[in-house]
Every structure is written in structure tokens, then in C-alpha cells.
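To start, the structure itself, in C-alpha cells.
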Amino acid sequence: MAAAVLIWGLAAMEGSIAFFLRPSEVKESYIGKRIRVGGIVSSFDRERFPYKFLLDDQATSIQVIYKGVLPDLFREEQVVLAEGVLQKDKILWADTVLAKHDEEYVPYGMK
Amino acid sequence: MEFLAPLGEYSLIFALCMSLLLSFSGARMGIFIYGQFSALVFAMLCLVLAFYFSVFSVKLVHDHSYSGSPWFYKIAAMWGNHEGSMLLWVLVLSICSVMEFNLGKNRTALVIQSYMVAAFTAYVLFTSNPFEVLPFAPGQGQGLNPLLRDVAMTFHPPLLYAGYVGLSMVFSYGVAFMVSKRMPPHEWVRRMSFWCSFAWIFLTLGVAAGSYWAYYELGWGGFWFWDPVENASIMPWLMATAMLHMLRVAAKKQGFYNWIVLFAIVSFSFSVMGTFLVRSGLLVSVHAFASDPLRGLALLVILSFMLVSSLGLFALRWKDFTRGFTSMKGQVFMLSGIWVLVIVSFTILLGTLYPIGLELVTGERISVGAPYFQRVLFPFLVLSIVLMSFAANRRGKFLLAANFLGSGAATAVIGLWVGGSWVGLASLCLGFWAGLCSVLRMRGGSVIIRKMTPMAVSHIGFATCIIAISAQTWEGQKQDLIEVGETMSLTQNSYLNFQKVLVEERGDYVSVKGYFTYHERANKVNLNPEVRYFYPSGVETTEVALSSNLFRDLYLVMKRADESRYLVEFRRKPFLIWIWIGALIMAAGGVLALARHLKAK
């Protein structure tokens, strides 16, 4: 019975999995797949809609476009997660953007 | 006030010694239990005072508090972090000991419990000391994360911890039953039921409070997200629910003791594992608590030791307390329902741990999203409701069928009237059915309303939850860009009017408040969502506008989109509040059960 449940569970996972990547790990092969990218926000203008911003890691950055309500604590230099299907030219049309709500809250200027 | 830190630390060490010595205490057990308990209360008090008086030389206070904040945020700050919440965890362990010492006085269980107090006190002292002192005393603290500044934060963690840790006593009793051969099984089942109900009440309330907090403070617009941290709280709840039912079967059949022991081990392990997953940083969670590999490792050591020793003991002893073959007659529905609950918790576990397994094997990191959980759990949910209704009406086949027809008819009327998806209608129908089966029963040839036993009340609460959750498939949602003065039409007979924005400077932030009116037929509701810009930091937080009544919840967020337009997201959630009312009713059933136990004593 345990095996049946296991198979049933694994089968159901198909399609609800998002690959968790850093910007430098986003390859052409992920185009059309659901990915979740975590990185640092840059080149973000909150006065332009749909929102466009870059997610960076040390090596590279990827372009994210988002048409939803941005989460609290979203700003440049903040670590956020963007999830959606990767389009061609490696542009991520995110349907979800999450800011980490971290208990290690450091107010500006105290870092 | 600098003396508070060493004082707290010494009393933690004292508590550790007391709990280690307890097993050698002989007749004087009470001294050690109260000694350990008062030392922990004292340590907690030191921490409370350190927060209250903003003693910033204590690292924890400096990192999480701010001298200007109101007193309840200071208290919330105390367990809005790892160190403080682990101290709370230990304190609750010890409160359980004191309760058991006064109510049941089972020596073996108390000794096992004191070993756990010792293990977790050592954990607090050596890996997450809340009394760590900074080499200098800073003038001001860093303040609590704005998102955690919420009244719900003052009671959500203690509630959930009381539930998590309440299961520790169930575990201790389970192991005690294997160790001591003198314990009469019926008495053991009674004590187990007491502790299981106790933990279950708090788990129910804690999970509900957590979901309510996520809904209205985090502003995610939903009540459940299948995030690993949420899964960590629902798994022990499911196991505790399964165990409560198993204990009832055991009381009737004088058997199935081995299963209960196993459930006790698994459910408390789920509690500890939840803490481990949250604290180790192994899982990618949006809740992203501060994580530290050492802390995770230490918890893993405690967890594996608990599991290995208790399961080892179980493997050696299970034959001693299994009474041949116990007939399942009359309990088939209940036992099947229990198994459904167990399967559900393990499929959640699978979805939660699968990413870790995959990363270990392939190095690929993934997250398992909500669709997995919804797809996997829906058939089991249907099954559990069917079994629940059957089990509650074993001798009322007529009533069962009549209730089903009644619910089907009611659902059909709703379907024709407002439409809706098949899934929504089907689960609504099941919810009605479960509700009717929990309220009515057969006596003689007639249908009567049940006596409100703990079981009936909790089942009504559960049915209420199911109905309210099903109603969410009728959620109305619209997102648009609008300017001040514009109107956004929603449905044929409702619209949203954006009247003005008001910009105001308040303390350390600028508030931009929107004035909206929602019109539905002749009714008008004012909604004022707000964006706050905390100016030194540039942090921007949104305050959701909510309007809640028994029939629907309105939810409105706004964000600045460009120079003139605002991005507005509106949701209308029918009967949403009944999810939490249902949870409260479930917990009320648990309280009734507890009251009966105390009265029967």
C-alpha cells in the first residue's frame, strides 16, 4: 500500500514542480518549463507597468516581467523569488513574485 | 538591567541539571519537576524583562526589538525569532510535565518527558542561547520586521507550540507504555486521550491562527499555500486527528494498542521534524526563517535519537502489548478513515521532502507547488468525508441516503442558481452531507438531532470548514490598472469606485491611502487599502483593505503602478470567515472532550 501511495504521489507531482534556479543556472533547455528563480533585484522602476526588473546573482542576470501586485519589502538589492514559465530569449514572465519575509530584519543604515 | 542575561542563563543551566537528575529522584519527584519548571519560567521572565526594558546588550533584544515600539510588539519580538521560540518550546515541555504531575502522575512518562526537557534545554543553551551578550551595549535595537508587527504574532506561535509540544506528552506516554508492564491499558488509553485532545485543540487553533495571519497580514490573498512551513504544522495535526480516532476504537475494542504507540511516535516526530525543517534551511520556504546548519544538525540528532530508541523499543516489545487478533467489527469505517488520514499526512510529507531527496540524488533543486497537494489530496478528502458520514451513521442507512439526497438537491439548486465548477459543487455537496450526518441521527424509527457530544461538535466544525473551503471556488477576482476617479466594473451588479488618495506622513513612514467604495446592488462598502513607505529604508509595505462579514470577505490591495495609475487587485471570497469559525467549532469539540476527562477523574 505504501508503494501505491508513493507512485500515486510521484505521478501527481508531474507538472506541479518548479525548478529552483539561480540566474546563472537558467539555460535554454528550461524554456517552456516552470522555474523559480531567486536573486537580487536590480534595474527596477516602480513607476513603469508591467513591472520589469533583473534578477542577479554574482555571475549573470535574467529579465523578469511581472503584471501582478508586488510583495511587501520588494525593492532593489532585495532577495526575491520569481516563479513562472521561461519564455524564449530567457525572459521570465512571472506569475508569482515573493519577497522573503525574513526575521533577520535590518533597518537601513545599520548593516 | 544587564544582570538579566547571566541570570537567565544560570537558570537555564539549573533547569538542565534538574531535568537530568529527575530520573534519580525517587519519591521526591515533585521537587525536581517544580524546580525545573520554575527555573524555566524564571529564564523566560528574564527574557521578557530584557525585551520589556530594551536591554540592548543582549544580542537577541538588539536584533529584534526597538525601544519605541509598544509593549505587545516587544513581547511578540520575543518569539518572533529562533532563540526565543525555542525557549518557549522548552517551557511548554515543562508545563506539560507539571500538568501531568498534578493530573496523572505517571512516573515513567514523567521521566521520559524530563529527558526531553533536558535535551531541548541543552539545545537552547549550546546552539541557540537567547541570553548571548554583545561585547558593547548599542543605543538602539534594530526593531521587529514590519511584517511581524502584528497582534496575531503575540498568540499564533504560543498556540502552535502548545500543540506541537503537547504531543510530547503523548510520545512520553506511548514510550512509557512500552517500558513499564504494570500500566493497565484502559487507564493508559484514557491518559493518552486526554493528552492527545489537549495537543489537538492547540494544534487546531494554532494552524487556524497561522492561516488567518497569512491571509490578512501577509496579504497573499489566500488562506493556505502549501508552503513547507505550513505543511509542517498540518502533518502533526492530521496524525493527532488519526490518533484521537484510534484511541476511541481502542477504548471500545480493548486492542490496537500497538498502533496507538506507533501513532504517538510518528506524530511527535512530525512536530520535531517540522521544527527541524524550518530551522535547518533545508527547504526553500518563503517564510525563510534564519537558518543555521549547526542548529539543524543538533535537532536532527535529537530527532534521530528519539526515533531510533522508540522504534527500536517498539520492534522489541510490540508483541507484549498486542492482544492477538482484535475484531474490527463495527469499526471498519472508522479504521479506514484513520488510514486515509495517515495516507494524507504521508503524501504531504512526500511532497515536502521530495525536493530534499532529489537534491541529494541529482543536485537539482525544485519546489513542489500547490497543484500537487490539491491533486493528491482531493480524492482522499472525498474518501474521508464519505467514511466519516458512514461511521457516524452505521445503523442509519436510511438517514445516510436521505441526507445525501438532501445535500444533492440543495447543491443542485445552488448550481442552477449561481453556477459553479463541478469540483466546487461536488465538494459542497459532500460538505453538506457531512454536516447533516453530524447533526442528525436515527433513534427508533425517527430522525432526531444528536446530543452535542465532543465528536458531534468537532465533526460539525469540520463540515463547516469543508463547506467554506468549497465556497472558495466561487471566488471573484479582478486585477486592473485604474486612475483616481475611475470606476472598475466587477460583475453585472457590482463595481468598485476609486475616489481619491490621501498622502500623510506618520512617524517613520509615509502613508498613501486609497479611498474606494464597493457597490453591490444597493449596498455600499468603504475600502481603504494603504501603501506605506518606510523612508529611511525604502521598504514598502501594503496594508490590505478587508471587509469581513458572515457572507463574504472583500479583499483589496493597491500599489502604485506609474505616474497616474494604480494597480488594484480585488477579490470577493464568499463565506470565507467560516473556515476559521469551523476551526473554532472543531477546537470547541476538543475542549468538551477535555472537560469530560477532567470531570471523570
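By convention in this document, chain letters (A, B, ...) are assigned in the order of the sequence lines, proteins followed by strands, and residues within each chain are numbered from 1.
Listed here is the closest heavy atom pair of B:Arg560 and A:Tyr51: O-OH, 3.0 Å. Across every non-hydrogen atom of A:Lys67 and B:Gln479, the tightest pair is O-NE2, 2.5 Å. The heavy-atom pair separating A:Leu10 from B:Leu350 by the smallest distance is N-CD2, 4.2 Å.
Within the 4.5 Å cutoff, no side-chain heavy atoms of B:Tyr372 are placed close to those of A:Ile17. For the pair A:Leu6 and B:Phe346, the minimum side-chain heavy-atom distance is 4.5 Å or more. At a threshold of 4.5 Å between non-hydrogen side-chain atoms, the residues B:Val376 and A:Trp8 count as touching. Contact annotation: the side chain of B:Phe373 never approaches that of A:Met13 to less than 4.5 Å [non-hydrogen atoms, C-beta and beyond].
Atom-to-atom distance recorded for B:Ile366:CD1 and A:Arg34:CZ is 13.0 Å, nearest 0.5 angstrom.
Contact annotation for A:Leu70: both backbone and side-chain heavy atoms come within less than 4.5 Å of a heavy atom of chain B. Heavy atoms of B:Leu358 lying under 4.5 Å from chain A are absent altogether. B:Tyr566 does not touch chain A: none of its heavy atoms, backbone or side chain, sits under 4.5 Å away.
Within a 6.0 Å radius of NZ in B:Lys478, other residues, nucleotides and ligands contribute more than 12 heavy atoms. Other residues, nucleotides and ligands contribute more than 12 heavy atoms inside 6.0 Å of the CH2 atom of B:Trp224.
The candidate with the highest count of non-hydrogen atom pairs below 4.5 Å against chain B, out of A:Pro50, A:Gly38, A:Gly68, is A:Gly68.
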